[in-house]
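Have a look at the structure below before the remarks.
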Amino acid sequence: MSAFKIATWNVNSLKVRMDHVLEWLKTTNPDVLALQEIKMQTTDFPLDLFREAGYSAVVSGQKTYNGVAILSKQTARTDTIVTDFPGYADEQRRILGVEIDGVFVLDLYVPNGAAVGTDKYLYKLIWLDHLKNYLATLINKHQKIIVLGDFNIAPTDEDVHEPELWRGEVLVSDKERAAWQSILSLGFIDCYKKSPVGDTKYSWWDYRQAAFRRNLGLRIDHIVANTMMANHLQGCEIDKTPRAWERPSDHAPVIASFIF
DNA sequence: ATGGTGGTCCCACCA
């Protein structure tokens with residue numbers, strides 16, 4: 001029997017959140033941690049500090065915005081790194097795929113979309129369409145697949161603190177939810193939906209209006225697994241502890257545990 | 001009606 005623990009965390013600037021990430025790694029001890037919004041160039045990534053903590057890293061960085069990275073205890077297969085959807089040129093560093101310990105891990109920072117009807121919303125829908133097409137090819141290529149990250153979509157009203165207030169807005173709109181469903185339809189399972197652990201339902205709380213204290217949150221950070229992986233899922237938990245720390249990210253980490 | 005970044009010492013952009 002062997003365990004595999006994988007997590008995702010939108011850190012909203014790794015430079016600011018470095019102490020939080022190191023502290024959280026020490027207590028949680030995941031095999032893999034997918035980071036989003038590192039907001040730094042690949043050359044600035046603190047590889048040495050993570051190495052001291054027992055992790056190697058694969059990084060697709062960008063100055064100021066976006067940027068994704070995957071930390072892992074096991075060494076990643078660097079010959080399998082993916083940083084773009086095939087045939088879709090995008091300057092924004094939002095995807096990072098790599099095989100680790102026989103599992104293809106795809107880290108996503110889905111565009112936020114700003115507001116329904118804007119150019120950014122359109123970019124989000126086009127981006128999600130490319131994602132779906134890419135996942136359709138992936139699912140035939142790998143036995144074990146985990147797709148995780150900040151999806152910027154709350155799949156159902158259960159994932160929203162006040163659905164009536166959010167109706168039709170970005171993050172919950174029908175088109176975004178349809179894109180989410182079409183991805184699951186390819187053969188992926190929402191780990192939290194299948195096997196929730198603990199009572200934390202949301203993964204993101206706005207910095208404004210004391211949203212965290214009032215638990216006005218949304219579940220927009222997800223871990224999805226192909227059926228082969230999902231058959232070995234033990235549980236999925238959202239850890240809101242670091243959201244209560246000083247100078248936190250607005251997102252909480254999500255962790256899925258598997259056993260083989 | 002907060003917080004992060006980056007170019008200018010307050011403001012624009014993004015979430």
Side-chain angles (χ1 to χ4, degrees), chain A residues 8-24 33-46 49 59-69 90-96 107-128 131 148-155 159-163 165-173 175-177 179-180 200-222 238-254:
Chain A
T8 174
W9 197 0
N10 179 325
V11 291
N12 186 18
S13 167
L14 183 59
K15 191 181 168 200
V16 174
R17 235 62 72 187
M18 196 56 194
D19 291 349
H20 285 201
V21 175
L22 289 173
E23 176 63 27
W24 189 81
L33 173 60
L35 300 169
Q36 304 89 38
E37 283 205 272
I38 63 170
K39 295 185 174 179
M40 61 170 59
Q41 287 171 308
T42 302
T43 47
D44 295 329
F45 195 86
L49 289 171
V59 185
S60 184
Q62 184 185 335
K63 197 179 162 185
T64 314
Y65 303 119
N66 313 309
V68 284
D90 189 355
E91 309 236 308
Q92 304 192 29
R93 303 292 81 201
R94 295 179 174 276
I95 77 163
L96 182 59
D107 180 10
L108 303 179
Y109 175 46
V110 177
N112 171 279
V116 173
T118 61
D119 287 352
K120 284 177 185 159
Y121 181 74
L122 195 62
Y123 165 60
K124 181 179 194 172
L125 295 179
I126 291 166
W127 197 97
L128 286 166
L131 172 62
L148 75 174
D150 178 0
F151 281 72
N152 268 315
I153 301 171
D159 307 307
V160 181
H161 62 85
E162 217 178 325
L165 198 74
W166 279 86
R167 188 81 54 216
E169 298 289 330
V170 75
L171 310 183
V172 311
S173 75
K175 283 179 178 171
E176 291 162 87
R177 285 178 169 177
W180 167 264
T200 303
K201 291 175 62 176
Y202 308 132
S203 68
W204 171 82
W205 299 260
D206 201 293
Y207 284 121
R208 292 165 284 194
Q209 296 168 304
F212 181 63
R213 184 177 56 74
R214 298 158 66 202
N215 198 28
L216 305 180
L218 267 67
R219 189 173 71 95
I220 57 176
D221 300 88
H222 307 295
I238 307 171
D239 182 7
K240 68 175 178 182
T241 356
R243 185 62 179 80
W245 292 346
E246 205 175 320
R247 245 187 137 190
S249 167
D250 43 353
H251 294 255
V254 184

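Here the structure is a predicted model, which is why all the values come from computation and not from measurement. Below, chain A is the first sequence line, B the second, and so on; all start at residue 1.
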- Message: Measuring to OP1 and OP2 of dC14(B), would you say a side-chain N or O of K120(A) lies under 4.0 angstrom away?
- Response: yes

- Does R243(A) make a side-chain N or O approach to OP1 or OP2 of dG3(B) shorter than 4.0 Å? no

- Note on the structure: Side-chain contact check for Q209(A): nearest option of dA15(B), dA1(B), dT5(B) is dA1(B)

- Message: Checking contacts here: which listed nucleotide (dA15(B), dG6(B), dA1(B)) is nearest the side-chain heavy atoms of E37(A)?
- Response: dA15(B)

- Message: In whole Å, I'd like the distance from the CG atom of N12(A) to the C1' atom of dT5(B).
- Response: 10 Å

- Residue that, paired with W204(A), satisfies side-chain contact (heavy atoms from CB on, under 4.5 Å) out of N152(A), L218(A), D150(A): L218(A)

- Task: In whole angstrom, give the distance that lies between atom CG of D250(A) and atom P of dT5(B).
- Result: 12 Å

- Inter-nucleotide C1' distance (dG7(B), dC14(B)), Å rounded: 15 Å

- Query: Between atom CD in Q92(A) and atom C1' in dA15(B), what is the gap in whole Å?
  - Reply: 12 Å

- Item | Pair N12(A), K39(A): side-chain N/O donor-acceptor within cut-off below 3.5 Å | yes

- Query: Which base, if any, makes a Watson-Crick or G-U wobble pair with dC13(B), both distances under 3.5 Å?
  - Reply: dG4(B)

- How is Y109(A) classified with respect to the nucleic acid when contacts are heavy atoms under 4.0 Å: base, sugar-phosphate, or nothing? sugar-phosphate

- Query: Counting just side-chain N and O atoms, does R208(A) come under 4.0 Å of either OP1 or OP2 of dA15(B)?
  - Reply: no

- Task: Using the P atom on both, measure dT5(B) against dA1(B) and round to a whole Å.
- Result: 23 Å

- Query: Regarding N66(A) and R93(A), is there a side-chain donor-to-acceptor distance under 3.5 Å anywhere?
  - Reply: no

- 5'-most by nearest nucleotide on DNA chain B - K15(A) or D150(A): K15(A)

- Query: P atom, dT8(B) versus dC13(B): distance in rounded Å?
  - Reply: 14 Å

- Item | First encountered from the 5' end of DNA chain B, between V16(A) and A114(A) | V16(A)

- Rounded to the nearest angstrom, tell me the gap between atom CG in L14(A) and atom P in dT5(B). 10 Å

- So, is R247(A) close to the dG4(B) phosphate, meaning a side-chain N or O under 4.0 Å from OP1 or OP2? yes

- Task: Send over the distance from Y65(A) OH to dG4(B) P, rounded to a whole Å.
- Result: 14 Å

- Measure from CZ on F212(A) to P on dG3(B) and round the result to the nearest Å. 14 Å

- Message: Treating R177(A) as the side-chain partner and V172(A) as the backbone partner, does any N or O pair qualify as donor plus acceptor under 3.5 Å?
- Response: yes

- Provide, to the nearest angstrom, the distance between the CD1 atom belonging to I153(A) and the P atom belonging to dA15(B). 15 Å

- Message: Whole angstroms only, please: what is the CG-P distance between N66(A) and dG4(B)?
- Response: 17 Å

- Do T8(A) and H251(A) pass the side-chain contact (heavy atoms from CB on, under 4.5 Å) test, and can you show the C-alpha distance, the side-chain angles, and the key distance before you say yes or no? CA-CA 10 Å; T8(A) 174; H251(A) 294 255; over 6 Å; no

- Would one find a side-chain N or O of K63(A) under 4.0 angstrom from OP1 or OP2 of dG7(B)? yes

- Item | Ring-ring centroid check H222(A) W180(A), cutoff 6.0 Å | yes

